[in-house]
Each structure stands twice: as structure tokens, then as C-alpha cells.
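One structure is given here, and the rest of the page talks about it.
Convention: sequence-line order gives letters A, B, ...; per-chain numbering from 1.
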Amino acid sequence: MTVTIFNTLNSRKVPLEPIEPGHVKIYVCGITAYDYCHIGHARSALVFDMIVGYLQYLGLNVTYIRNFTDIDDKIINRAQEQNTSTIALSEQFIHAFHEDMAHLGIASPTAEPKATEHLPEIIGMIQELMAKGLAYQAGSDVFYAVEKFQPYGILSGRSLNEMKAGARISINENKRNPMDFALWKGSKPGEPTWESPWGPGRPGWHIECSAMSKKYLGESFDIHGGGKDLVFPHHENEIAQSQGASGKTFVNIWVHNGFVTINDEKMSKSLGNFLTIRDLLAQYQPEALRLFVFSTHYRNPLDYSEAAMQDAVTGLDRLYTCLAEIAQITASGNPTAKPEATVKEIEKIESLTERFQEAMNNDFNTAQALGHIFEIVKILNRIKQALPSNPATTDLDLLRKASTTIRELAGLIGLLRQEPSLYLNCQQQKILAGLDISKESIEQLIQDRLTARRQKDWARADAIRGQLLSHNIELKDGANGTAWSVKPG
RNA sequence: GGCGGCGUAGCCAAGCGGCUAAGGCAGCGGUCUGCAAAACCGUUAUUCAUCGGUUCAAAUCCGAUCGCCGCCUCCA
């Protein structure tokens, strides 16, 4: 079975058929490096990390390019505000980005080219476009003549006429058509500049991706990705540039991930609901974020809320708890005992890999794939709970094998990569750090309560339990004494 | 105004022509417990925004209506 992917170009799921058999080439628009990355950037990075990882799992060779925009208006403005250079600023945030990616457990792409390191390629492509009559110089700027590129609008499904009707086009006297966009911008005083045939200036935003994708992946390649907001104008313009220059199909499949909202509002600094990856990871495990992100299909909108994250944390704990408990089973197994697992359950468990792949092959349906995993966890828990003291060998084998499979598959989307018992311990440790009561006091109170319980002084025992609960400490009386944990939320 | 998307249980979310409408969270019932908590099990939509239509068959296709959202300006 082959992978099918939703293609923005024709709004259809299409089979992935690499141009070069067995080798997938993918380009994803990365960040503009002028600030810390937010949860929306995280989603995009996670989604393409998942896609690349899954394709590799299928045995495909993947060349994955993700660029940095390290020169543009926002960077120039921010650098001026902070009295620093554009280079220093972009370097700072590229570094921060790498840190964030590492914390999220995102694998490095094959290459991460920067716009400023590809000026010769950029200038070369602009010259090519001018030679073909697709671009023109106006003053110190160079513009792309969108009317000259017949398919303009093919990706975003709009025609130039429709767009002209819209009132939101910036007016620029130098443009022949208001929709024309800058390939090269003549620099104003104080701005970083590069020499060019049109005088000192800098590249427009879109041309860098055309130039760099060509350099690293060739004139035609398999997948181009990015956030939904990049469809127009960025990706539309890339098509105009690359296809205009080469005369060949630029990209076969366009993949766009949906947006992240916060409490149903678009993230924006003015609304004060701007959440950076750092903010988030200060509070939650990276894997909890992944579970949250991948619980929704990548093309659908994703609404962030504390409650949603808490759900993800709870879900992750559930998965790890199941694995940890299976790992703790020490029984060696009775070859003649009657198995607990039913035929139906065994079938479900054994078809997990197949069903997981089926979901993933269908436009990377991680939500469904995760659903399959949770379903198996439920079955494993049932079997585990029903196990007698001397359990059947077949049951133990089944549990252990399934456990391995679950970790393998979940690992493909970056989940359950930690040792289950370590994960659970770590959760506890982290929580401990935030307590307003010391570990010693907790344990002393537990001892006091134990004494009371021995004397069957239930009133006192319950009072102590209530006291600890007021500090958010929950007690769990078990066969091996009393354990405690911090109440979530 | 133009283009596109969405509306499935209390919440989140798969399913996109035909097996019992996945799964998670919360709730409830149970096991356990001195009582709890935790853990685990079980359970929770005759119905998929509304109204029509196509079909032997629709949450899934078509049309209309209502309600959300995104893009059209920098944006993942």
C-alpha cells in the first residue's frame, strides 16, 4: 500500500510517487529568524518531522530541506529597534530555534540553508526571469510580472481578476500590475545590502525559496510544505518564479498544515495570547505536546488550551503506565495455563501495525493511528488485570510483544521514546520541585497517619489526609504502604 | 466583496457511500479500600448543524439554510 497525501494544488489525495524512485525530496519553509518560535511553528516542525520520519520508516530515502529566512523587513526593523545587526539578530534566533527543536526531539533536516548565503543563486534566478521577460526592473527594484505567468493563481485557486477586485493590495507606483511582487529590493540607507546588477539591495521574500530549493533539490521535486498561511502569496509566488524560470513542473505535492489557535483565538502579540515553545516546555513534557498536536489531523485547526494539554498529559501517562506495568511483570509463565486473551483480542493486537500503517498511509492520519494504539492499550490493560498469579506463557508473550510494538509505532510520531518507568519517575520529580510543602513534612505526616490508622483512629487519619490534600498532595494506600502524588491541575 | 475550510456525545477527535459511528478526556457504575484516592474494568451518540434531493444503501454525494473559522497585508 502506498502513501496518499492531500495536495493543495488540486485539493485531492494523491499517491506519493517520487520522481526518483525510492527517494523523496521535500522542501519546507522554515522560520523568519527575528523572535522566539511559538506553538504554531512547533506544530509545523512537528508535522514535517513526523512526515519525514514516517517516509523513512517505509524505507524511502528522504532529502529534507528546511530553510531560514535571515533577511527581510521584520528582521531589519527588529535589529534597528534592538540596536543590533541583522546577522546577530538572526543568528541569535536561529540558535534559539535549534534549541527548541532539540527539546522537542525533532530530527535535523538534511540541510538548513539561509537566504543570505545564497545571493549568487538568487541573483542568477532573477536574471533568468528577466531574460525570459517575466521580470522587470523599476527604479532600484525588480518585480515579477504576474500577468506574464499564465498559471498564476493555480495553487491558491484565485485568478488575477478576482484579486484585482480585492481592495487590500498595496499601491506601488513602480509596479505595472498591483499584484506584481518584489524579487529584488533596492536598499534604503542603513539596511544590509548586497551588490547586484540592479544596484545594491536585498532579495525579496519569495525568491530565496525558489533559488535554494533548486540548488538542493533540483528544478522539480516531490513535496513542498509549510503552514496554510503560506499558500498565498508565498507559495503561489514560488511557483511563478521556479516554474517561470525552468519551464518545468516545480513541485508535485503541496502540503500545508493547519493553524494553532489559543482558546479559539488566533495567536497574536496584541491579544497577549502568544505562546512560545519555551513557555510551553517549561510546563509540559515535549511528548505531551506531541500527543496534543498529533491527536488532531495535521490539516485541521488545532485549539490550544490548558485543558487540552492536561488531556494530553493524562493520555500520555496512561500509555506509559500500561507499558511500565507490563515491564514490571516478573512471572515466567505457565505453558499449560489457559490464556486470558481472547481470539478477538489477539487479532486486534496482531493487526496493530497494519492498521497503524493504514492510517498513516492515508494522508498521515495520526489521530486515527493513535486511536489504534489506545485501543490496544485498553486490551492489554484488561488482560494484564485478569492475569492469575501464575499466568499463561502465551499471555505474557502477547503483552510483551505488544508492548514493544506500541513503543515502536508510537516512536514514529515521537511518542513513548522514554523508558516507561523513568518517564513516570521523572513526572513525579518535576512535580515535587513545585511543592509548597517539603518532602520530609509529607513523609512525617504520612507516618503520623499510619500510627493513627493502626490505632483505628480514622478521624485523625482522615484529618491528616485532608491536611495534605490542602497542599494538593493525594495519598494512595497500597499493599506496600502509602504512596503520595501531587494532584494534577 | 473574492477564495477556501469546518459544524460528529459534556469537551477534544477519527470515520468521507454499505461491517456494532474509532480513540482520548470528563461523568457514572463496579473491583480495590476502614472510608477515600490512585489504578484497572465496564458504561455513556438509533445518530452525525437544519431542511430537502440522489441512491437498494449517506455522517459520508448534490442543493439550500443557519452558525463558526482561515486566507486575500507580515505570518507556521
Side-chain angles (χ1 to χ4, degrees), chain A residues 8 11 13 28-32 34-35 37-48 69 72-74 77 153 156-159 161-170 179 205 225-234 236 256-261 264-268 291-292 294-297 299-303 305 307-308 310-319 321-322 325 355 359 362 365-378 380-386 453 456-459 461-462 465-466 468-469 473-479 482-485 487:
Chain A
T8 307
S11 297
K13 283 183 197 170
V28 174
C29 291
I31 59 158
T32 298
Y34 76 110
D35 205 342
C37 286
H38 54 66
I39 180 171
H41 296 113
R43 184 184 195 186
S44 186
L46 285 168
V47 163
F48 289 101
T69 297
D72 93 321
D73 290 343
K74 290 192 295 293
N77 293 338
S156 51
R158 14 185 134 206
S159 71
N161 286 337
E162 280 163 1
M163 287 187 278
K164 268 184 207 161
R168 302 176 79 178
I169 300 163
S170 64
M179 292 309 297
W205 174 36
K228 250 192 173 103
D229 54 327
L230 296 180
V231 173
F232 189 89
H234 187 56
E236 193 67 63
H256 294 100
N257 66 274
F259 260 64
V260 179
T261 54
D264 284 321
E265 280 181 320
K266 183 174 172 170
M267 242 188 310
S268 80
L291 182 56
F292 164 66
F294 291 124
S295 291
T296 298
H297 185 89
R299 279 190 283 114
N300 290 147
L302 179 64
D303 187 49
S305 66
Q310 203 45 250
D311 283 0
V313 170
T314 311
L316 190 61
D317 284 350
R318 179 180 167 82
L319 297 177
T321 303
C322 173
E325 286 180 1
R355 288 181 296 135
N362 181 15
N365 193 337
T366 53
Q368 190 174 52
L370 282 168
H372 292 323
I373 288 181
F374 274 102
E375 186 191 18
I376 298 305
V377 164
K378 181 184 259 194
L380 297 183
N381 280 335
R382 195 207 68 79
I383 297 170
K384 189 177 67 191
Q385 194 83 358
R453 291 184 72 209
K456 297 210 188 294
D457 183 356
W458 306 126
D462 290 353
R465 185 169 63 202
L468 282 167
L469 195 60
I473 305 296
E474 281 179 338
L475 298 184
K476 310 170 194 178
D477 295 326
T482 299
W484 58 273
S485 65
K487 205 173 158 186

Q: Would you please test A:Leu370 and A:Phe294 for side chain to side chain contact (heavy atoms under 4.5 Å, CB included) and show each step?
A: CA-CA 8 Å; A:Leu370 282 168; A:Phe294 291 124; 4.0 Å; yes
Q. Can A:Trp458 be said to stack with the base of B:rG34, given centres closer than 5.5 angstrom and planes under 30 degrees apart?
A. yes
Q) Looking just at side-chain N and O atoms, do A:Lys384 and A:Asn381 make a donor-acceptor pair shorter than 3.5 Å? A) yes
Q.
Strictly below 4.0 Å: does A:Lys266 bring a side-chain N or O up to OP1 or OP2 of B:rC71?
A. yes
Q: Confirm from the modelled atom types if A:Arg453 and B:rG34 form a donor-acceptor pair under 3.5 Å, side chain to base only.
A: yes
Q.
I'd like to know if A:Asp477 reaches the base of B:rC35 with its side chain, counting only an N/O donor and acceptor under 3.5 Å.
A. yes
**Q.** Watson-Crick or G-U counterpart of B:rC25, or none if no pair lies under 3.5 Å
**A.** B:rG10
Q) Applying a 3.5 Å limit to both distances, which nucleotide forms a Watson-Crick or G-U wobble pair with B:rG34? A) none
Q. For A:Arg158 and A:Glu236, what are the C-alpha separation, side-chain angles and deciding distance, and is it a salt bridge (Lys or Arg N to Asp or Glu O under 4.0 Å)?
A. CA-CA 10 Å; A:Arg158 14 185 134 206; A:Glu236 193 67 63; 5.8 Å; no
Q) If you check the A:Asp311 side chain, which of B:rA37, B:rG24, B:rA36 turns out closest? A) B:rG24
Q.
Counting only side-chain heavy atoms from C-beta out, which of B:rA36, B:rA76, B:rA38 sits nearest to A:Glu474?
A. B:rA38
**Q.** P spacing across the pair B:rA76 / B:rC19, given as an integer number of angstrom
**A.** 43 Å
Q. With rounding to whole Å, what would you report as the distance between B:rA22 and B:rG15 at their C1' atoms?
A. 7 Å
